[in-house]
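One-based numbering, in listed order, for ligands and for the atoms of each. Remember, predicted model here, so these are calculated numbers, not experimental data.
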Amino acid sequence: MAAEGSINSFSGRRVWVTGHRGMLGSAMMRNLETSGATLLVAGRAELDLTDAVAVRRWMEENRPELVFHIGAKVGGIHANATLPADFLYDNLMIQTNVIDGAHRTGVEKLVFVASNCTYPTNAEQPITEEAMLTGPLDTNIRAYAVSKIAGIEMCRAYRTQHGSNFVAIIPPNLYGPGDNYHPQHSHVVAGMLRRAHEAKHAGAREFTVWGDGTPRRELLHVDDLAAALKYVMLAPTTHELYNIGCGHDLQISELATLIAEVVGFEGEIVYDRSKPNGTMRKLLDSSKIRALGWLPAVDERAGLATAYADFQRRHTALAQEQAPHRF
Ligand SMILES: NC(=O)c1ccc[n+]([C@@H]2O[C@H](COP(=O)([O-])OP(=O)(O)OC[C@H]3O[C@@H](n4cnc5c(N)ncnc54)[C@H](OP(=O)(O)O)[C@@H]3O)[C@@H](O)[C@H]2O)c1
């Protein structure tokens, strides 16, 4: 099987989206709805992706031709710092099962979603794909980062040894509908949206942001990433790794101001300097994906408004039930 070569269309193709109920997986499903693909999905209750025997059996029975490998154990700094063994074990198992299974069952192309935390903390900005494995990682999320580096390396190794058309991609921080708003397990945008919303509804004079507000973060709306993953699947990808970012970053203090505006919180934003800043900057150099012709379409204010509308919808629904773990 050639490692390059383009896929003409999704029409009639058997396409597996792992993690299809998660934030990015749901965006991928929305995006592929009208593609003509036969969408294959299996929720965790039906198929635990850490179970090697079950994954192999499922792939042999369902014979996916194209795989968007999105499913993973995902969480914010707190979850990563307190559960590193779970992050390492689950993600190594999931990736090994899906990527090796794709090789053994003859999958034509697989796109694996890694993470920007795989880059060294001291990488030159904007970060090119060549910075991988050139320096130390953020210790708070090292276990998760190492698992994702192993997934990138698996795609590379299977291309080299077997000619597999497996491609890894690295997004920046994601946000959008379907995000996880758990107080301890959320990422930066979801955590801030929740705290700003709660401050507004409690009539509080201030809402608190972790760190001193000076780090910078690049954000990408999940609908933009889903469109990009589709693009990568169809394109004749000659590289094994692509950064997929929006091309600019915001200071945390600018993001907090934007979120306060979107939420309608009119009080003061205060910074809790006892909490870690995390990496100061992680701007991706996305020139390789731009050269393939992909461009982001969602602007930050409009994107944050869609995320907040989703938060409000789910918050109201969940207030009536008992809050499940994702909220
Ligand atoms: N969110 C970000 O900012 C960000 C940034 C960079 C990269 N990424 C990457 O993007 C991908 C999607 O992230 P996301 O934010 O959409 O995560 P998410 O909402 O937590 O979704 C992850 C999905 O994976 C599934 N999953 C996890 N463990 C599983 C298992 N053992 N068996 C079966 N399914 C399992 C989850 O199922 P359940 O619903 O049953 O839990 C969920 O559907 C991940 O690979 C992540 O590493 C995310």
Side-chain angles (χ1 to χ4, degrees), residues 16-31 41-52 54-55 58-59 67-77 79-80 83 86-99 101 110-119 127 138 141 143-152 155 168-182 185-193 217-226 228-229 241-246 255 278-279 282 284 303 307 310 314 324-327:
W16 184 22
V17 178
T18 69
H20 72 286
R21 293 205 181 103
M23 173 170 64
L24 177 57
S26 319
M28 199 69 238
M29 296 296 288
R30 288 195 294 278
N31 189 299
V41 289
R44 189 196 290 252
E46 191 189 337
L47 180 63
D48 179 349
L49 293 173
T50 64
D51 181 338
V55 171
W58 189 91
M59 291 184 82
V67 177
F68 290 101
H69 181 31
I70 292 171
K73 183 168 179 62
V74 179
I77 292 183
N80 273 279
L83 306 169
D86 291 0
F87 277 89
L88 192 56
Y89 178 85
D90 280 23
N91 288 331
L92 286 176
M93 293 300 287
I94 289 172
Q95 288 157 198
T96 303
N97 295 339
V98 173
I99 296 172
L110 174 144
V111 179
F112 165 64
V113 179
S115 166
N116 60 352
C117 66
T118 53
Y119 285 124
I127 310 171
D138 180 340
I141 46 172
Y144 171 72
V146 165
S147 75
K148 288 287 186 180
I149 291 172
I152 295 168
C155 291
I169 71 94
I170 295 193
N173 287 62
L174 300 176
Y175 72 100
D179 211 340
N180 181 353
Y181 294 99
H182 189 284
H185 297 256
S186 55
H187 288 111
V188 59
V189 172
M192 270 197 215
L193 270 175
R217 290 291 177 268
E218 183 180 11
L219 305 178
L220 190 67
H221 194 277
V222 272
D223 288 340
D224 266 341
L225 184 56
L229 294 182
L241 178 63
Y242 289 86
N243 288 337
I244 302 183
C246 72
L255 176 63
T279 306
K282 306 185 194 182
L284 298 174
D310 172 65
R314 290 165 59 206
H325 77 282
R326 287 185 57 78
F327 218 76

Please answer whether the main-chain N or O of [Y] pairs with a side-chain N or O of [X] as donor and acceptor at a distance below 3.5 Å.
X	Y	result
Asn80	Gly75	yes
Asn243	Ile127	yes
Lys148	Val113	yes

Considering only heavy atoms, which of [options] lies nearest to [atom]?
atom	options	result
atom 24 (O) of ligand 1	Gly43, Ser26, Ala72, Ala45	Ala72
atom 12 (C) of ligand 1	Leu219, Leu47, Ile70	Ile70
atom 3 (O) of ligand 1	Val222, Leu174, Val188, Thr50	Leu174
atom 31 (N) of ligand 1	Asp90, Ile244, Asp48	Asp48
atom 5 (C) of ligand 1	Ser115, Ala114, Ser186, Pro172	Pro172

Passing option when His187 is tested against Val74, Leu174, Leu219 for side chain to side chain contact (heavy atoms under 4.5 Å, CB included) |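 That would be Val74; it is the only one of Val74, Leu174, Leu219 passing the side chain to side chain contact (heavy atoms under 4.5 Å, CB included) with His187.
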With sequence neighbours left out, what residues match Asp51 under side-chain hydrogen bond (donor to acceptor under 3.5 Å, both in side chains)?
->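 If we apply the side-chain hydrogen bond (donor to acceptor under 3.5 Å, both in side chains) test to Asp51, skipping adjacent residues, there are no hits.
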Taking only heavy atoms of [X], which atoms of ligand 1 are found under 4.0 Å from at least one of them?
X	value
Gly71	24 (O)
Leu24	10 (O), 12 (C), 16 (O)
Pro171	6 (C), 7 (C)
Arg21	43 (O)

Is ligand 1 under 4.0 Å from a heavy atom in the side chain of Val74, in the backbone, in both, or in neither?
->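 Just the side chain.
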Any side-chain heavy-atom pair of Leu225 and Val222 under 4.5 Å |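 They are not in side-chain contact.
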Describe, in one word, how the ring planes of Trp58 and Trp16 are oriented to each other, choosing from parallel (under 30°), tilted (30 to 60°) and perpendicular (over 60°).
->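 Tilted: the ring planes of Trp58 and Trp16 meet at 30° to 60°.
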Closer than 4.0 angstrom: is that true for some heavy atom of Lys148 and an atom of ligand 1?
->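 Yes; Lys148 lies near enough to ligand 1 that a heavy-atom distance drops under 4.0 Å.
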